[in-house]
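Notes for the one structure printed next.
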Amino acid sequence: MQSFVAVLALGLALPGHAVAHEGPRAAMPDARADAEQLVGVLLPRDAILALGGRAFDYGVDQGNATDPQERKLYDAHPGMKEYVAGKVRPEFQTIMLRELPRLRQDLGTILIAEMTPAEIADALAFFASPTGIKIKAQVYQSIGDRPDRPQAEIQESATAAAIANLTPDDYPALMAFGATTAAQKMQAVVNQKISVASQEWAARMVSANQARLRQIAVNAQAEFLAKSK
């Protein structure tokens, strides 16, 4: 699981562009409530758990590929890798759920700092709409396919997947939102900040819990070997 930190950090980040931007604005009470709701729409519990699970599985596979000793051990004992992953995954999911409020808080702070109350409301209306939900689902699916890709490649793939699944019924809502300053600001500024904050959150989470997760894996390996005798 040596590549786990990098894989998870990339896997949980939303794609975006980096450009120059103006300084943060003062928080508005109404904006804070809408920002919290928007973060909840962008980071639903089940979607984050699913994405984290896919990043976990990918990280396990990549770790085996880069760790000769671990690969040799698993090759010699069919079923061990799946057994170990099954023991580690529940603890990892528990950690994710415990840390998710911190990520939501970080992203809410970004939205309040970079967008006006009206822009936050426009973004919330779009991403809570059927078209916004469809696009968000495609983005999550694309990110999870191969979370270790370069950020630009993840974004290109996610955008292509989202567009490919649109229907004529989606175009009015998409074009209306695209004409707003909310969409322009999210594309130019906010998405990149969300991406960085998400990666930093994931790296901190995994780093703080890596020793425990690794020990669970080692214990599971020993359990599997004991049961195989």
Side-chain angles (χ1 to χ4, degrees), residues 9-48 51-52 96 99-144 147 151-152 154-163 165-166 170-205:
L10 285 172
L12 292 179
L14 300 180
H17 294 295
V19 298
H21 58 279
E22 60 189 28
R25 296 177 174 81
M28 299 286 289
D30 291 343
R32 184 171 299 278
D34 280 351
E36 291 176 355
Q37 190 174 352
L38 176 56
V39 169
V41 169
L42 293 175
L43 298 178
R45 174 185 179 277
D46 290 347
I48 292 297
L51 181 59
M96 282 196 68
E99 297 297 328
L100 182 56
R102 173 62 185 272
L103 176 60
R104 286 175 169 169
Q105 180 180 4
D106 291 346
L107 301 197
T109 298
I110 291 172
L111 293 174
I112 291 171
E114 300 295 341
M115 301 175 72
T116 68
E119 288 167 343
I120 293 173
D122 285 342
L124 174 58
F126 174 73
F127 284 106
S129 71
T131 298
I133 292 172
K134 180 189 296 186
I135 289 176
K136 182 182 62 179
Q138 289 299 321
V139 168
Y140 273 114
Q141 177 67 34
S142 180
I143 292 173
Q151 192 71 13
I154 290 177
Q155 178 182 338
E156 182 178 353
S157 175
T159 301
I163 292 175
N165 283 274
L166 294 177
D170 295 312
Y171 297 152
L174 184 62
M175 293 180 66
F177 178 62
T180 66
T181 57
Q184 296 162 17
K185 197 169 291 184
M186 291 191 77
Q187 176 72 3
V189 179
V190 177
N191 282 356
Q192 173 62 18
K193 285 183 171 287
I194 287 176
S195 175
V196 171
S198 300
Q199 292 182 51
E200 291 176 348
W201 169 83
R204 288 195 306 268
M205 178 183 65

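Along the sequence shown, the residues carry numbers beginning at 1.
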Between [atom1] on residue [X] and [atom2] on residue [Y], distance to nearest 0.5 Å:
| X | Y | atom1 | atom2 | answer |
| --- | --- | --- | --- | --- |
| L42 | L103 | CG | CG | 10.5 Å |
| D122 | L38 | CG | CG | 11.0 Å |
| Q187 | Q192 | CD | CD | 11.0 Å |
| L124 | E36 | CG | CD | 12.0 Å |
| W201 | R104 | CH2 | CZ | 10.0 Å |
| D34 | E119 | CG | CD | 12.5 Å |

Please name the pair of heavy atoms, one in [X] and one in [Y], separated by the smallest distance, quoted to 0.1 Å.
| X | Y | result |
| --- | --- | --- |
| G178 | Q184 | O-NE2, 4.0 Å |
| A35 | I112 | CB-CG1, 3.7 Å |
| G52 | M96 | CA-SD, 3.8 Å |
| I135 | L174 | CD1-CD1, 3.8 Å |

Any donor-acceptor N/O pair, T109 side chain to Q105 backbone, under 3.5 Å: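 Yes, T109 side chain to Q105 backbone: donor-acceptor pair under 3.5 Å.
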Under 3.5 Å: donor-acceptor pair, side chain of K136, backbone of V41: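 Yes: the side chain of K136 pairs with the backbone of V41.
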Qualifying residues under side chain to side chain donor-acceptor pair (under 3.5 Å), relative to R45, sequence neighbours excluded: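 R45 satisfies side chain to side chain donor-acceptor pair (under 3.5 Å) with no residue once adjacent residues are dropped.
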P44 and D46, any side-chain heavy atoms less than 4.5 Å apart: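 The answer is no; the side chains never approach within 4.5 Å.
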Heavy-atom check, side chain of M205 versus side chain of R102, under 4.5 Å: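 Counting from C-beta outward, M205 and R102 never come under 4.5 Å.
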Set of residues satisfying side chain to side chain contact (heavy atoms under 4.5 Å, CB included) with respect to A197, sequence neighbours excluded: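 Here the qualifying residues are L107, I110.
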Parallel, tilted or perpendicular: rings of F126 and F177 (30°, 60°):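 Aromatic pair F177/F126 classed parallel.
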